[in-house]
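See below for the structure under consideration.
Letters A, B, ... mirror the listed sequences (proteins, then strands); counts begin at 1.
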Protein chains: 2
Amino acid sequence: MTHQTVGHPARPGLPDDPLADVTEPDPSCPVEITLAALRGRWTTLVIRELLRGDRGYTDLRRALPALSDKVLSERLAQLAQAGVVERRRLPGWPPRTCYTLTAHGRGLAPVLQALWDWGAAGE
Amino acid sequence: MTHQTVGHPARPGLPDDPLADVTEPDPSCPVEITLAALRGRWTTLVIRELLRGDRGYTDLRRALPALSDKVLSERLAQLAQAGVVERRRLPGWPPRTCYTLTAHGRGLAPVLQALWDWGAAGE
DNA sequence: CTGAATCCCTGCCGATACTG
DNA sequence: CAGTATCGGCAGGGATTCAG
């Protein structure tokens, strides 16, 4: 059990942590770390695809036809750097790469669910 | 009970909804609605301040000193449009405005918590 | 097949200055 | 006190092209 509810008696809905008091945008703030991982057009859709199972580069292109090579590469690199996805090059020819969510990446599922719930509830 | 768990038997972590199958970024996707509401530098910090209680314009400026007038105005307008905050003009002089989270806006607390948890757990 | 490099264009962000 | 107007810089995103 690595996350969920640190206990925040006096602050409804906000963690009881010094970083919760930052007075300006701070890349080390957990909230910003997560938003940075999700940042950019297409990012959440790529994650959604990978939540459904491992995918190759071409699988992703086929699932998201309007997504350009450049942006797909960018997103996969960004997500790899954030520790969300892992690349595995498969031996043989033609060259193939398999993209998998890391354990950390799979942890985004409840985050996306929370985003979905609020957006669906709202307004 | 307006949101939370539609029931998604076959899709771990993802809602069972046709919109979950969109093949390109779609502003009506709940996830994107939420991300749009949170988009932009300073946005989450403004929300955090308001989660702690109602604030006036100057209160917010004092709490976030590095935030410029223009951006604060932009954020408050954006959040008002998203139905997250409500403005109340107080009568009398000098002019005062009180910013309050709507019920919908208060619902962002668990979302921010989820973002915090993942960012704090990770990497 | 799987990417990375380039070019261009748009939109966001901040600083400054000004109004009711 | 509570904003709005304008300007400039810079980063994000798409189309195309090139490489391993």
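- Rounded to whole Å, atom P of C/dC1 lies 11 Å from atom OH of A/Tyr57.
- Side chains of B/Asp69 and B/Tyr57: a donor-acceptor N/O pair is present below 3.5 angstrom, by distance only.
- The side chain of A/Pro95 sits closest to D/dG20 out of C/dC13, D/dG14, D/dG20.
- Taking atom CZ of residue B/Arg55 and atom P of nucleotide D/dA2, one finds them 14 Å apart after rounding to whole Å.
- OP1 or OP2 of D/dC1 has not a single side-chain nitrogen or oxygen of B/Thr97 nearer than 4.0 Å.
- B/Arg87 has a side-chain polar atom (N or O) that falls below the 4.0 Å cut-off from OP1 or OP2 of D/dG3.
- Within the 4.0 Å cut-off from OP1 or OP2 of D/dG14, at least one side-chain nitrogen or oxygen of A/Trp42 is found.
- For A/Ser73, counting side-chain heavy atoms from C-beta on, the closest listed nucleotide (C/dC1, D/dG3, C/dA4) is C/dA4.
- Spacing between atom CG of B/Leu60 and atom P of D/dA2 amounts to 9 Å, rounded to whole angstrom units.
- Side-chain proximity of B/Val71 to D/dT4, C/dC13, C/dA4: nearest is C/dC13.
- Put simply, CZ on A/Arg88 is 13 Å from P on C/dG3, counting in whole angstrom units.
- Remark: B/Leu38 CG to B/Gln78 CD distance equals 8.5 Å, nearest 0.5 Å.
- Counting distance only, with no hydrogens placed and no angle test, the side-chain atoms of A/Lys70 and the base atoms of C/dG3 include no donor-acceptor pair under 3.5 Å.
- Rounded to whole Å, the distance from CG on B/Asp69 to C1' on D/dT6 is 15 Å.
- In this structure, B/Leu101 CG and B/Asp54 CG are separated by 8.0 Å, a value rounded to the nearest 0.5 Å.
- Closest to the B/Arg89 side chain, of the nucleotides D/dG13, D/dG3, C/dC13, is D/dG3.
- Each of A/Leu67 and B/Asp59 was matched to the nucleotide of DNA chain D holding its nearest heavy atom; the match closer to the 5' end belongs to B/Asp59.
- For B/Arg87, the salt bridge (charged side-chain N to carboxylate O under 4.0 Å, His left out) test picks out no residue, with sequence neighbours left out.
- In this structure, A/Glu74 and A/Pro94 both approach DNA chain C, and ranking their closest nucleotides by distance from the 5' end singles out A/Pro94.
- Atom CG in B/Leu76 sits about 7 Å away from atom P in D/dG3, given to the nearest Å.
- What separates CG of A/Leu64 from P of D/dG14 is a distance of 12 Å, to the nearest Å.
- At the phosphate of C/dG14, neither OP1 nor OP2 sits under 4.0 Å from any side-chain N or O atom of B/Ser68.
- One finds a salt bridge joining A/Arg52 and B/Asp21 here, because a Lys/Arg side-chain nitrogen approaches an Asp/Glu carboxylate oxygen to under 4.0 Å.
- Within the structure, a side-chain polar atom (N or O) of A/Arg41 is placed less than 4.0 Å from OP1 or OP2 of D/dG14.
- As judged by a 4.0 angstrom heavy-atom cut-off over every strand, B/Gly40 is placed among residues touching the sugar-phosphate backbone only.
- To the nearest angstrom, P of D/dG3 lies 11 Å from CG of B/Leu90.
- Look at B/Arg75 and you'll find a side-chain N or O under 4.0 angstrom from OP1 or OP2 of C/dC13.
- A sub-4.0 Å separation between OP1 or OP2 of D/dG3 and a side-chain N or O of B/Tyr99 is present.
- Annotation: the span from B/Arg55 atom CZ to B/Leu50 atom CG amounts to 7.5 Å, rounded to 0.5 Å.
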